[in-house]
Amino acid sequence: MHTSDFAAILLAASLASAAPAPEIRFEPHRVARFHGERVRRAAAADEKVVFLWGHGIQRWDVRSGKSSRVAKGEFHEGGCLFDVDGDGRVDVVVNEGADGPGDLVWLHAPEWSRHVIDTGIDTRDVQVATIAGRRGLLVIQKQKQVRFYEVAADTASHWKKTEIYTFSTPSEEGGLLTADVDGDGVPDILSGNYWIQAPASLEPPWHGFAIDTWSEEKSSALLSLLYTDLWGTGSVDRVALQRAMSPSRFAWFERPKDVKQLWIAHSIAELPDLDQPSGIFTADFNGDGRTDLLVTESGGKGRLMVLFNAGDQHFRPVVMGQTGGILAAILLGTEIVTVQSDGLYRWLPVLPKTL
């Protein structure tokens, strides 16, 4: 993601100095000050507009610092942005309620009219997906059951629900991605400890296969996930990060020949003391053609860190800043937007002043 953007900055710096491109760093700039607002999640509509929800929903232009209210009330962590009715405008999908089940709703832009998708929902993970050619949403209900909601022909009515897979682990499960894991041309689902093999149609059966065994505690399998070619070998690996644990396990998982067996775990030991990480992203931050990782944490020192890919299945971590806690983060082009307890920030890329 955004590799070309960072490469362009570094190339320009290299040409200007007639020297190898310097290492990029990030400096924070506050967009707005918060006064006790509770934010649970953030999502980007484009490279300047973000939506925040938790105590209410706000739309922010991070370039101008201007905001507008989308909705009042309390909202769970689970939600996403989705052009539900295909009118070219980004709508907001959120799980209403502070604690316990609430309505899963979508708010139609630009007037933000409310429409109920389903009731009795309690989720931290909602993901836009196309399954068997049908547009809709993947949801992990109560962090135990993966469901697919197909966009209704009448988008203002309740959507058709398909139960995909129920987890049997003692831990809650979190993280949602779609990718063709088994190479049959049909997108599968990665969620929590598992990948879930899709049939040719939306109808069951869907079969789940464990990738790892992180399920010892209630929050062990609440994960942030990536599915990417880390090492430039042409083989796609899974990266997993325990988002609700302290310390948090962090590893990449190598695909075995038989993807239905447990995958080969490689601990990312360069960050052994992660405290409730709130985000993980990929980009080539130093222009060397390798996939680097960006990690933010909500607990402890609230660090923002880049793990530069050393090319030998290891990373070189660099702490870009300590914040006291990053509640949510978004990678927007060549900048990072973070939600912190005291405000909304843009972290802009900078190069050494000697240039």
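- Counting only residues at least two apart or in different chains, ring-ring contact (aromatic ring centres under 6.0 Å, His included) contacts with residues 294-314 are absent.
- More than 12 heavy atoms of other shown residues, nucleotides or ligands fall within 6.0 angstrom of atom CD in E216.
- Remark: the backbone N or O of G289 is paired with a side-chain donor or acceptor of D284 at under 3.5 angstrom.
- Using modelled atom types and a 3.5 Å distance limit, the side chains of N193 and D212 yield a donor-acceptor pair.
- Annotation for F75: hydrophobic cluster partners, listed by chain and number, are V49, F51, W53, I57, V70, L81, V90, V92, V94, V105, L107, W112, V116 (ILVMFWY side-chain heavy atoms under 4.5 Å, direct or chained).
- Environment of NE2 in H108: crowded, with over 12 heavy atoms of neighbouring residues, nucleotides or ligands closer than 6.0 Å.
- In this structure, V139 and V146 have side chains that are not in contact, with every pair of non-hydrogen atoms separated by 4.5 Å or more.
- Atom CG of residue N309 and atom CG of residue N286 lie 8.5 Å apart, to the nearest 0.5 angstrom.
- Taking hydrophobic clusters as Ile, Leu, Val, Met, Phe, Trp and Tyr residues chained together by side-chain heavy-atom distances below 4.5 Å, Y149 shares a cluster with V126.
- L177 and I211 fall within a single hydrophobic cluster, where Ile, Leu, Val, Met, Phe, Trp and Tyr side chains are chained together by heavy-atom contacts under 4.5 Å.
- Pairing each heavy atom of V39 with each of L327, the nearest pair is O-CD1, 3.9 Å.
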Practice item. Given side-chain contact (heavy atoms from CB on, under 4.5 Å), test R25 with M320 step by step and report yes or no. Key: CA-CA 6 Å; R25 298 190 69 85; M320 298 291 170; 4.0 Å; yes
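- In this structure, R238 forms a cation-pi arrangement with F253, its terminal cationic atom sitting closer than 6.0 Å to the ring centre and no more than 45° off the ring axis.
- The OG atom of S215 sits 7.5 Å away from the CD atom of E173 when rounded to the nearest 0.5 Å.
- Under the 3.5 Å distance criterion, with hydrogens and angles disregarded, no donor-acceptor pair is assigned to the side chains of S219 and E217.
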Practice item. Report the C-alpha distance between S113 and E111 in whole Å, list the side-chain angles of each, state the deciding distance to 0.1 Å, and finish with yes or no for side-chain hydrogen bond (donor to acceptor under 3.5 Å, both in side chains). Key: CA-CA 6 Å; S113 55; E111 78 284 0; 2.8 Å; yes
Review point. Would V50 and L332 count as a side-chain contact (heavy atoms from CB on, under 4.5 Å) if you check the C-alpha gap in whole Å, the side-chain angles of each, and the deciding distance to 0.1 Å?
Key: CA-CA 10 Å; V50 300; L332 291 182; 4.0 Å; yes
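- For the side chain to side chain contact (heavy atoms under 4.5 Å, CB included) criterion with E96, the lone passing option out of E74, R114, H76 is R114.
- Between H29 and Y345 there is no side-chain heavy-atom pair separated by less than 4.5 Å.
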Check your understanding: D118 and R147: side-chain contact (heavy atoms from CB on, under 4.5 Å), yes or no, with the steps?
Key -> CA-CA 11 Å; D118 200 1; R147 295 177 174 177; 3.9 Å; yes
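- With sequence neighbours left out, the ring-ring contact (aromatic ring centres under 6.0 Å, His included) criterion links H207 to no other residue.
- Linking ILVMFWY side-chain heavy atoms closer than 4.5 Å, directly or via other members, places V259 and Y227 in a single hydrophobic cluster.
- Of the inter-residue distances, the one linking I117 atom CD1 with L104 atom CG reads 4.0 Å to the nearest 0.5 angstrom.
- D180 places a side-chain N or O within donor-acceptor distance of the main-chain N or O of G185, the cut-off being under 3.5 Å.
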Review point. D122 and Q141: side-chain hydrogen bond (donor to acceptor under 3.5 Å, both in side chains), yes or no, with the steps?
Key: CA-CA 6 Å; D122 184 358; Q141 166 69 337; over 6 Å; no
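- Follow the hydrophobic side-chain contacts under 4.5 Å out from V31 and you reach F34 in the same cluster.
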Practice item. Show the numbers, then the answer: is there a side-chain contact (heavy atoms from CB on, under 4.5 Å) between L294 and L304? Key: CA-CA 7 Å; L294 170 73; L304 187 149; 3.6 Å; yes
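- Between D125 and the choices R243, K142, K144, the salt bridge (charged side-chain N to carboxylate O under 4.0 Å, His left out) rule is met once, by R243.
- Annotation: the span from L222 atom CG to S171 atom OG amounts to 5.5 Å, rounded to 0.5 Å.
- To the nearest 0.5 Å, atom CD1 of residue I121 and atom CD1 of residue I140 are 12.5 Å apart.
- Side chains of T338 and T323 form no contact here, defined as non-hydrogen atoms less than 4.5 Å apart.
- Taking the six-membered ring for Trp and thresholds of 30 and 60 degrees, F26 and F285 have ring planes more than 60 degrees apart, a perpendicular arrangement.
- A heavy-atom distance below 4.5 Å is found between the side chains of L52 and Q58.
- Taking OH of Y165 as the reference point, atom CH2 of W195 lies at 11.0 Å (rounded to 0.5 Å).
- Using modelled atom types, no side-chain atom of D275 and backbone atom of S246 make a donor-acceptor pair closer than 3.5 Å.
- In D312, the CG atom is crowded: over 12 heavy atoms of neighbouring residues, nucleotides or ligands sit closer than 6.0 Å.
- You'll find the side chain of Q143 reaches within 4.5 Å of the side chain of T123, heavy atoms only.
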Practice item. Test E254 against H266 for side-chain hydrogen bond (donor to acceptor under 3.5 Å, both in side chains), laying out the working first. Key: CA-CA 8 Å; E254 181 181 352; H266 302 267; 2.8 Å; yes
Review point. Does the salt bridge (Lys or Arg N to Asp or Glu O under 4.0 Å) test come out yes or no for D258 and K260, once each step is laid out?
Key: CA-CA 5 Å; D258 181 357; K260 296 180 181 180; over 6 Å; no
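- The closest donor-acceptor contact from the side chain of S298 to the backbone of Q276 lies under 3.5 Å.
- Scored by the side chain to side chain contact (heavy atoms under 4.5 Å, CB included) test, T155 finds V84, D85, W106, V151 as partners (sequence neighbours excluded).
- Looking only at side-chain heavy atoms (C-beta outward), E47 and R63 come within less than 4.5 Å of each other.
- In the hydrophobic clustering of ILVMFWY residues, with side-chain heavy atoms under 4.5 Å counting as a link, L190 and W214 come out together.
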Exercise for review: Begin from the C-alpha positions of R124 and E172 and carry the test salt bridge (Lys or Arg N to Asp or Glu O under 4.0 Å) through to its verdict.
Suggested key: CA-CA 10 Å; R124 301 183 192 181; E172 295 178 331; 3.8 Å; yes
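- For Y194 and F167, the ring centers sit closer than 6.0 Å to each other.
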**Study point:** side-chain hydrogen bond (donor to acceptor under 3.5 Å, both in side chains) evaluation trace for T296 with S278
**Key:** CA-CA 6 Å; T296 60; S278 53; 2.9 Å; yes
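- Hydrophobic cluster membership for F250: L226, L230, W231, V239, L241, W252, I268, L271, L274, I280, L293, V295, M305, L307, F315, V319 (Ile, Leu, Val, Met, Phe, Trp, Tyr linked by side-chain heavy atoms under 4.5 Å, directly or transitively).
- Residues meeting the ring-ring contact (aromatic ring centres under 6.0 Å, His included) test with W347, sequence neighbours left out: none.
- Q242 places a side-chain N or O within 3.5 Å of a backbone atom of S220 that can act as its donor or acceptor partner.
- Taking the side chain as every heavy atom from C-beta outward, D273 and P247 never approach each other to under 4.5 Å.
- Contact of the L176 side chain with the I189 side chain is registered, since non-hydrogen atoms from C-beta on lie closer than 4.5 Å.
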